[in-house]
K.L.:
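Submitted below is the structure of interest, expressed as structure tokens.
Hydrogens, waters and symmetry mates are skipped; everything else that's a heavy atom, side chains included, is used. Model, not experiment: these values are computed from the prediction. Each ligand, and each atom within it, is numbered from 1 in the order the structure gives.
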Amino acid sequence: MSIISDSLKRIKPSPTIAVTQKARELRAAGKDVIGLGAGEPDFDTPDNIKSAAIKAIKKGDTKYTAVDGTPALKKAIIAKFKRENRLNYSADQITVGTGGKQVLYNAFMATLNKGDEVIIPAPFWVSYPDMVLLAGGKPKIVKCTEQEGFKLTAEKLKKAISKKTKWVIINSPSNPTGAGYSKKEIQDLGKVLIKNKKIHILSDDIYEHVRYDNFKFFTIAQIPKLKDRTLTMNGVSKSYAMTGWRIGYAAGPRDIIKAIGKIQSQSTSNPSSISQAAAVEALNGKQDFIKTRSNAFKARRNFVVKSLNSIKGINCLIPNGAFYVFPSCKGLLNKKTKLKTDTNFVQKLLEKENVAVVQGSAFGLDGYFRISYATSMQNLNKAMKRIKSFCETLNK
Ligand code: PLP
């Protein structure tokens, strides 16, 4: 009999981390691989944030802190919600974890009973379904098409709701598509959720500060009738190029926040004291990094979308946030190219042209692939040439 638990057998390792690892291995073996698989900004953490961390170390802020966040960080998070989202919370409605990933994991562990359903719009961030499964819940995947801008509609949400629905996840701007929901689109979903009073909403706002073209960010907790049923998760990883520091947080109902803290108290305890001090500076300090970085990302997005759309068989929407594009490769899956699936497409691309991307099926929608453009323009230039050459050979 296997030593591995039944609950662990329900899940698989993260496919995006697997692609990044594969690219790393090929590079170590001497291949000139361009990795477009990773979900992290290539920018360095701003200096004012690094200095705050160094100061914390020197000051001796190197001990255990309160399990769910220092008073200083909770205060900075409360101020952030007030300043940027016009949302008021008190300290007992805030929790801080080791990355948004831990906060989400704890939230599902704290709330799901066997058979409880979680509505997950696809394409989705790869960890949602597996976290739900690990916690004993049931992912209810709702496919959102390219024609719908890869976004959940009120109609589809209504259809997906059952007596067992406990949560619905909204991720805007989204990983993997970069699609952001407008205020109206969120309000339309809100109307359905106001009527279904037992459902809680998990709003994953991690890409709030990576957006373009004057896209106006609106989060569902801003609908007064839904605030008490919404857990809003956010973090410093993507906003301030702090993926390695591991600080994420959430605001929401007191009972859920308390339960998340209970799990954390018996698992990891507080997130790193030094990273928390750095996150205080990230949230309270100067914010100009966000704008500079968004301008650089926007130029890359435009270049990547234009290059992809010039290739026969590829079609790519222009996303208004995050640092991903999610082009279709359906036009290249046929008898002539001998490629049947998006997985065949990305495998061959890696094999022939040394470009690592992630297949759409890993995110719950077949026939697409995800490109992360959080890499230098020089790399993107090279990668686009290789993708073009690969597709042209297929088309011949
Ligand atoms: N949510 C989404 C949609 C993500 O893409 C990520 C990271 O890739 C996270 C949450 C978690 O980020 P972190 O744990 O670094 O805060």
Side-chain angles (χ1 to χ4, degrees), residues 13-21 35-43 45 49 68-69 73 77 80 94-108 118 120-132 139 144 150-152 167-181 201-211 217 219-220 231-251 260 264 267-268 271-272 275-276 278-279 282-283 297 319 321-326 358 362-365 370-375:
S14 159
T16 45
I17 292 177
V19 168
T20 312
Q21 180 58 23
L36 304 179
E40 70 178 343
D42 56 319
F43 289 83
T45 306
I49 299 173
D68 63 351
L73 182 50
I77 293 165
K80 177 260 176 249
I94 304 286
T95 191
V96 183
T98 301
K101 206 170 201 172
Q102 189 190 22
V103 174
L104 289 175
Y105 176 78
N106 287 347
F108 290 133
V118 178
I120 305 176
F124 47 70
W125 179 45
V126 291
S127 294
Y128 299 140
D130 288 274
M131 282 184 186
V132 169
C144 307
F150 302 119
K151 289 181 269 192
L152 182 64
W167 288 100
V168 55
I169 300 179
I170 299 173
N171 174 216
S172 169
S174 137
N175 176 5
T177 66
Y181 287 69
I201 305 129
L202 214 157
S203 185
D204 180 343
D205 294 2
I206 199 100
Y207 293 98
E208 174 182 8
H209 287 302
V210 191
R211 53 182 204 254
F217 180 78
T219 192
I220 198 154
L231 186 72
T232 304
M233 189 229 91
N234 209 322
V236 296
S237 287
K238 319 283 177 175
S239 295
Y240 304 97
M242 291 176 71
T243 43
W245 299 75
R246 311 306 303 127
I247 296 291
Y249 56 85
I260 288 175
Q264 205 155 289
S267 52
T268 56
S272 152
S275 297
Q276 289 190 73
L283 295 174
F297 273 161
F323 35 74
Y324 311 104
V325 289
F326 199 69
V358 188
F363 308 96
L365 201 68
R370 188 191 78 172
I371 286 181
S372 162
Y373 53 86
T375 185

K.L.:
Side chains of Phe150 and Ser174: does their closest heavy-atom pair fall under 4.5 Å?
P.N.:
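Counting from C-beta outward, Phe150 and Ser174 never come under 4.5 Å.
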K.L.:
Does ligand 1 have any atom that is closer than 4.0 Å to a heavy atom of Gln102?
P.N.:
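Gln102 does not count as a contact of ligand 1 under the 4.0 Å cut-off.
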K.L.:
Quick one: which of Ile169, Leu104, Asn175 has a heavy atom closest to atom 5 (O) of ligand 1?
P.N.:
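The residue whose heavy atom sits nearest atom 5 (O) of ligand 1 is Asn175.
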K.L.:
When you measure from the side chain of Arg370 to the backbone of Gly37, do you find a donor-acceptor pair of N or O atoms at a distance under 3.5 Å?
P.N.:
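Side chain of Arg370 to backbone of Gly37, a donor-acceptor pair under 3.5 Å: yes, one is there.
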K.L.:
Could you name the option among Tyr249, Trp125, Phe323, Trp245 that has the heavy atom nearest to atom 4 (C) of ligand 1?
P.N.:
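Looking at heavy atoms only, the winner is Trp125.
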K.L.:
Using the six-membered ring wherever Trp is involved, compare the ring planes of His209 and Tyr240 and label them parallel, tilted or perpendicular (cut-offs 30° and 60°).
P.N.:
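Correct class here is tilted.
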K.L.:
So which heavy atom in the protein is nearest atom 2 (C) of ligand 1, and how far is it from that ligand atom?
P.N.:
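Ranked first by proximity to atom 2 (C) of ligand 1 is Asp204 OD2, 3.4 Å.
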K.L.:
Answer yes or no for Ser237: is there a heavy-atom contact with ligand 1 below 4.0 Å?
P.N.:
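Yes; Ser237 lies near enough to ligand 1 that a heavy-atom distance drops under 4.0 Å.
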K.L.:
Suppose we measure from atom 8 (O) of ligand 1 to each protein heavy atom; which comes out shortest, and what is that distance?
P.N.:
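That would be Lys238 NZ, 2.7 Å.
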K.L.:
Aromatic rings Tyr207 and Tyr324: how do their planes relate, parallel, tilted or perpendicular, breaks at 30° and 60°?
P.N.:
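Judged by the thresholds at 30° and 60°, the geometry between Tyr207 and Tyr324 is perpendicular.
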K.L.:
Which protein heavy atom lies closest to atom 12 (O) of ligand 1, and at what distance to 0.1 Å?
P.N.:
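Protein heavy atom at minimum distance: Ile206 CD1, 3.9 Å.
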K.L.:
Among all the protein's non-hydrogen atoms, which is closest to atom 16 (O) of ligand 1, and how far away is it?
P.N.:
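Result for atom 16 (O) of ligand 1: Gly100 N, 2.7 Å.
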K.L.:
At a 4.0 Å threshold, what atoms of ligand 1 neighbour a non-hydrogen atom of Asn171?
P.N.:
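Listed by number with element: 3 (C).
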K.L.:
Within less than 4.0 angstrom of ligand 1, does Glu40 place any heavy atom?
P.N.:
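False for this residue.
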K.L.:
Near Gly99, which atoms of ligand 1 are under 4.0 Å from a heavy atom of that residue?
P.N.:
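This gives 14 (O), 16 (O) as the contact atoms.
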K.L.:
We want to know whether Thr219 and Ser203 form a side-chain donor-acceptor pair, criterion being a heavy-atom distance below 3.5 angstrom.
P.N.:
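Indeed, the side chains of Thr219 and Ser203 share at least one donor-acceptor pair under 3.5 Å.
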K.L.:
Provide the closest heavy-atom pair for Ile169 versus Pro121 in the form atom of the first, atom of the second, distance.
P.N.:
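What the structure gives for the nearest pair is O-CD, 3.2 Å.
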K.L.:
Got a sec, which residues hit side chain to side chain contact (heavy atoms under 4.5 Å, CB included) with Ala38, two or more places apart in sequence or on another chain?
P.N.:
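Ala38: side chain to side chain contact (heavy atoms under 4.5 Å, CB included) contacts with Thr20.
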K.L.:
Mind checking what makes salt bridge (charged side-chain N to carboxylate O under 4.0 Å, His left out) contact with Lys80, not counting sequence neighbours?
P.N.:
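Expected list: Glu84, Glu208.
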K.L.:
Distance only, no hydrogens: is a donor on one side chain within 3.5 Å (strictly under) of an acceptor on the other, for Gln264 and Asp68?
P.N.:
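The answer is no; no qualifying pair exists.
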K.L.:
If you measure every N/O of Lys101 against every N/O of ligand 1, is any gap under 3.5 Å?
P.N.:
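Right, the criterion is met.
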K.L.:
Under 4.0 Å from a heavy atom of Arg246: which atoms of ligand 1 are those, numbered in the order shown and with their elements?
P.N.:
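Listed by number with element, the hits are 13 (P), 14 (O), 15 (O).
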